[in-house]
Amino acid sequence: MRLSRYFMPVLKETPAEAQIASHRLMLRAGLIRQSSAGIYSWLPMGLKVLRRLEQIVHEEQQRAGHHPMLMPTIQSADLWKESGRYDDYGKEMLRISDRHGRDMLYGPTNEEQITDIFRRDVSSYKQLPLTLYHIQWKFRDEVRPRFGVMRGREFLMKDGYNFDLTKEDALHAYNRHMVSYLRTYERMGLKAIPMRADGGPIGGDYTHEFLVLADTGESEVFYDSAVTDLTLGERDVDFDDVAQCQALMEEFTTPYARTDETHDEAIFAEVPEERRKTARGIEVGQIFYFGTKYSEAMGANVQGTDGKNVPVHMGSHGIGVSRLVGALIEANHDENGIIWPESVAPFGVSVVNLKQGDTDTDRVCEELYAALGKAGIEVLYDDRSERAGTKFATADLIGSPWRITVGPRGLKEGVVEVTSRRSGEAETMAPDAAVGKLAEIFAGL
RNA sequence: CGGGCUAUAGCGCAGUCUGGUAGCGCGUCCGUCUGGGGGACGGAAGGUCGUAGGUUCGAAUCCUGCUAGCCCGACCA
């Protein structure tokens, strides 16, 4: 993308309403604009990030054997009256009525809807196990929205639902989700720790929250530092392998890791003192197994091998996709701006032309732009007639992980400069070598 | 939902106390000089001062209602 033709309204100063780094930087870098309290428009570059996260979530869900679908944002209240949650949910739920005076609502989640879909078309154990998910906008009418997209009222969420004949099968689904979530966050360049959690309004005995450590996190967390060393890495996972998923789940949940809601000082005290850590965390996902709570309330039964109807065992699982954009920035920024991990960056490379209008710098920039694009890298070419300082400041702010600086001084020696946004380290090399180096870096993503 | 604060140009702010018809910086547009970390100079555009009503010869300024936004707490992904 040529910056001169793009819509990327960056701000030099921070809007007064933004308190935390991610909110400030999302506004300053032109990712979002507020529409009303807790409701945001996603500008082109913000949408790019959101789409990249969605893409990773889709790939990892489908890798685990889950099926994408899409349910509506507006739901009928009838289903919620049936499950009993119409009254339980309280003012957080945005209630509306249509022209006929029917009670409707803007969905804060979709257990009722998915259960309704399930019970209409699934009647036999032979159709199980089944896990369906979607990525859809939700609305929760927070009393006090804040921190930009981290605690908005409207938010994009992946929510998934598993249906299984037995508790054992449903717990495998639970473990499978645990592992697929770990993979998902790792691909995004995030360290998310599964922590034992409270059921909350969704209910359930088995539940873990995934938290990203960040000073601005809303939850206080307590953990054994051993848990932060764990990674899935390149390990090959067979999501149908019950024992493997179980083992991985145990590996990642055995070290102590809890939020303040479930924290137990007595158990925590057993962790060796030097490994006992207290920090703050941002919740970016949660998984639940809740048994037959909804299937019983809503009559979601299947016939078992003996021909008898039994309620299915269910679980639900969520990833806060829009919130993740904020969490990623909280975990990846410095005083100059955002530092995107390669896998989610809206632009992998910023090409900075230090002397717009100079025949040689213009030509080399164009060649780099074309060659990097051919290598499958999204490039933001800063072709504005701005001075070097302005272009560097913009590049730092928007956080492309790599910058190629092209100026007459370097071109005299036949080189350009390749700079890592994260480390700040710069290397000079021929333009061809720069393309080769970056193509290699981005090839694995 | 309790407590506190704010609303003036795209962004950050002054002006309000003491009423006289709106200003600064950044950004934007034009021009010139520049050109490796937000450059300089000259010119210009842009505001029903959140909204409705009241007081007054006259209201950004004083009074009342409303709305929106922000902060702390409780709540929550």
Side-chain angles (χ1 to χ4, degrees), chain A residues 9-20 23-24 27-30 33-39 89-93 108-109 137-159 181 192 195 197-202 207-212 217-219 259-261 281-288 316-327 335-337 352-358 361 382 384-397 403-413 415-417 419 424 426 428:
Chain A
V10 299
L11 302 173
K12 202 163 174 178
E13 285 172 286
T14 303
E17 75 264 19
Q19 302 299 313
I20 62 168
H23 192 191
R24 281 200 303 270
L27 290 168
R28 285 196 54 209
R33 286 293 180 263
Q34 180 164 309
S35 169
S36 61
I39 302 178
Y89 229 93
K91 290 188 170 179
E92 299 255 301
M93 187 151 77
T109 177
W137 292 94
K138 309 281 191 293
F139 194 92
R140 290 184 196 166
D141 198 359
E142 292 286 337
V143 192
R144 192 183 158 210
R146 65 187 121 168
F147 304 150
V149 298
M150 298 261 288
R151 179 114 182 251
R153 292 195 291 173
E154 188 180 57
F155 56 99
L156 186 64
M157 181 172 164
K158 170 263 164 182
D159 48 320
Y181 276 30
M195 300 196 179
D198 253 355
I202 294 179
T207 176
H208 280 85
E209 291 178 333
F210 291 78
L211 287 107
V212 172
E218 74 269 75
S219 316
T259 66
D260 47 6
E261 291 170 334
I282 300 166
E283 195 196 325
V284 293
Q286 187 161 12
I287 56 176
F288 299 89
S316 74
H317 333 87
I319 294 180
V321 179
S322 51
R323 156 176 278 213
L324 267 169
V325 179
E335 64 279 6
N336 295 320
V352 171
N353 184 342
L354 291 182
K355 193 169 184 184
Q356 203 68 38
D358 177 275
T361 61
D382 192 341
R384 297 173 300 171
S385 295
E386 294 290 344
R387 295 171 63 92
T390 303
K391 292 193 177 190
F392 289 145
T394 301
D396 287 348
L397 173 63
R403 186 183 83 206
I404 304 183
T405 310
V406 181
R409 195 180 294 173
L411 288 186
K412 237 177 251 170
E413 315 296 323
V415 296
V416 296
E417 189 181 74
T419 309
T428 56

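Everything numeric here is computed off the predicted structure, so don't read it as measured data.
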Arg384(A) atom CZ is separated from rG27(B) atom P, nearest whole Å, by 12 Å
For Ala388(A), answer base if it contacts any base atom (sugar-phosphate contacts may also be present), sugar-phosphate if it contacts only those atoms, and nothing otherwise; contact means non-hydrogen atoms under 4.0 Å. sugar-phosphate
Would you classify Ser36(A) as touching base, sugar-phosphate or nothing, given that sugar-phosphate means primed atoms plus P, OP1 and OP2, and contacts are heavy atoms under 4.0 Å? sugar-phosphate
Value in whole Å for how far the C1' atom of rG37(B) lies from CD of Glu335(A): 13 Å
Quick note, Arg28(A) side chain, CB onward, closest among rG69(B), rG38(B), rC71(B) is rG38(B)
Do the rings of Phe210(A) and Tyr181(A) sit parallel, tilted or perpendicular, given the 30° and 60° boundaries? tilted
Mark up nucleotides 3-8 of chain B, 5' to 3', with B wherever a protein heavy atom is under 4.0 angstrom from a base atom, S wherever such an atom reaches only the sugar-phosphate, and - elsewhere. ------
Quick one: which protein N/O atoms are closer than 3.5 Å to N/O atoms of nucleotides 42-45 of chain B? Pair and distance per line, please.
none

Rounded to whole Å, please give me the gap between CZ in Arg151(A) and C1' in rC71(B). 14 Å
Pair Lys91(A)-Asp141(A), side-chain contact (heavy atoms from CB on, under 4.5 Å): steps then yes or no: CA-CA 7 Å; Lys91(A) 290 188 170 179; Asp141(A) 198 359; over 6 Å; no
Both distances below 3.5 Å, Watson-Crick or wobble geometry, any strand: find the nucleotide opposite rU51(B). rG65(B)
Arg403(A) versus Ala395(A), closest heavy-atom pair with distance: CD-CB, 4.1 Å
From CD of Glu218(A) over to C1' of rA74(B), roughly how many Å is that when rounded to an integer? 15 Å
Answer with base, sugar-phosphate or nothing: what part of the nucleic acid does Gly320(A) contact at a heavy-atom distance below 4.0 Å? nothing
Sequence-distant partners of Asn353(A), side-chain contact (heavy atoms from CB on, under 4.5 Å), two or more places apart: Gln356(A), Thr361(A), Asp362(A), Cys365(A), Tyr381(A), Lys391(A)
In whole Å, measure the gap between the P atoms of rU51(B) and rA59(B) for me. 15 Å
Could you tell me which nucleotide pairs with rG73(B) by Watson-Crick or G-U wobble geometry, both distances under 3.5 Å, or answer none if nothing does? rC1(B)
Which part of the nucleic acid does Gly152(A) contact within heavy-atom distance under 4.0 Å: base, sugar-phosphate only, or nothing? base
Measuring to OP1 and OP2 of rA68(B), would you say a side-chain N or O of Gln34(A) lies under 4.0 angstrom away? no
Options rC71(B), rG38(B), rG69(B), nucleotide nearest the side-chain atoms of Ala37(A): rG69(B)
Classify the side chain of Asp396(A) and the base of rG37(B) as holding, or not holding, a donor-acceptor pair under 3.5 Å. yes
Contact string for nucleotides 10-16 of chain B, one letter per nucleotide 5' to 3', B = base within protein heavy-atom range under 4.0 Å, S = sugar-phosphate only, - = neither, reads -BSS---
d(CZ, Arg387(A); C1', rG37(B)) in whole Å: 10 Å
Can you find an N or O donor on one side and an acceptor on the other, under 3.5 Å apart, linking the side chain of Glu386(A) with the base of rG35(B)? no
For Gln19(A), answer base if it contacts any base atom (sugar-phosphate contacts may also be present), sugar-phosphate if it contacts only those atoms, and nothing otherwise; contact means non-hydrogen atoms under 4.0 Å. sugar-phosphate
Is any N or O donor-acceptor pair between the side chain of Arg403(A) and the base of rG36(B) shorter than 3.5 Å? no
Of Val406(A) and Ile282(A), the one whose closest nucleotide on RNA chain B sits nearer the 5' end is Val406(A)
Determine the Euclidean distance between corresponding C1' atoms of rU6(B) and rG12(B); express it in Å to zero decimal places. 14 Å
Set of residues satisfying ring pair (Phe, Tyr, Trp, His ring centres under 6.0 Å) with respect to Phe155(A), sequence neighbours excluded: none
NZ of Lys355(A) versus P of rG36(B): gap in Å, rounded? 9 Å
Does the side chain of Lys91(A) get closer than 4.0 angstrom to OP1 or OP2 of rC1(B) through an N or O atom? yes
Counting just side-chain N and O atoms, does Arg144(A) come under 4.0 Å of either OP1 or OP2 of rC70(B)? no
Could you tell me how far rC66(B) sits from rC26(B) if I compare only their P atoms? Round to whole Å. 41 Å
Would you measure the distance from the P atom in rA9(B) across to the matching atom in rC24(B) and give it in whole Å? 14 Å
With sequence neighbours excluded, residues passing side-chain contact (heavy atoms from CB on, under 4.5 Å) with Arg151(A): Glu142(A), Arg146(A)
Assert: residue with more 5' nearest nucleotide on RNA chain B, out of Glu92(A) and Gly410(A), is Gly410(A)
Salt-bridge present (Glu218(A), Arg144(A); N to O < 4.0 Å): no
Considering only the C1' atoms, how many Å lie between rU61(B) and rA7(B), rounded to the nearest integer? 14 Å
rU28(B) pairs with which nucleotide, Watson-Crick or G-U wobble, both distances below 3.5 Å? rA44(B)
Ignoring hydrogens and geometry beyond distance, is the side chain of Arg146(A) in donor-acceptor contact with the base of rC72(B) at under 3.5 Å? no
Interatomic distance, Phe147(A) CZ vs rG69(B) C1' [rounded to whole Å]: 15 Å
Minimum-distance pair of heavy atoms, taken over all atoms of Ser322(A) and Val149(A): O-CG2, 3.5 Å
Donor-acceptor pair, Arg33(A) side chain versus Leu27(A) backbone, under 3.5 Å? yes
Separation of Glu154(A) atom CD from rC76(B) atom P, in whole Å? 22 Å
Distance check, C1' atoms only: rG65(B) and rG27(B), in whole angstrom units. 37 Å
Who pairs with rC33(B) - Watson-Crick or G-U, where each distance is under 3.5 Å: rG39(B)
Between rC30(B) and rU21(B), how far apart are the C1' atoms? Round to whole Å, please. 30 Å
Taking atom types as modelled, is there a side-chain donor on Arg384(A) or Thr390(A) under 3.5 Å from an acceptor on the other? no
Under a 3.5 Å limit for both distances, which nucleotide forms a Watson-Crick or G-U wobble pair with rG20(B), could you say? rC57(B)
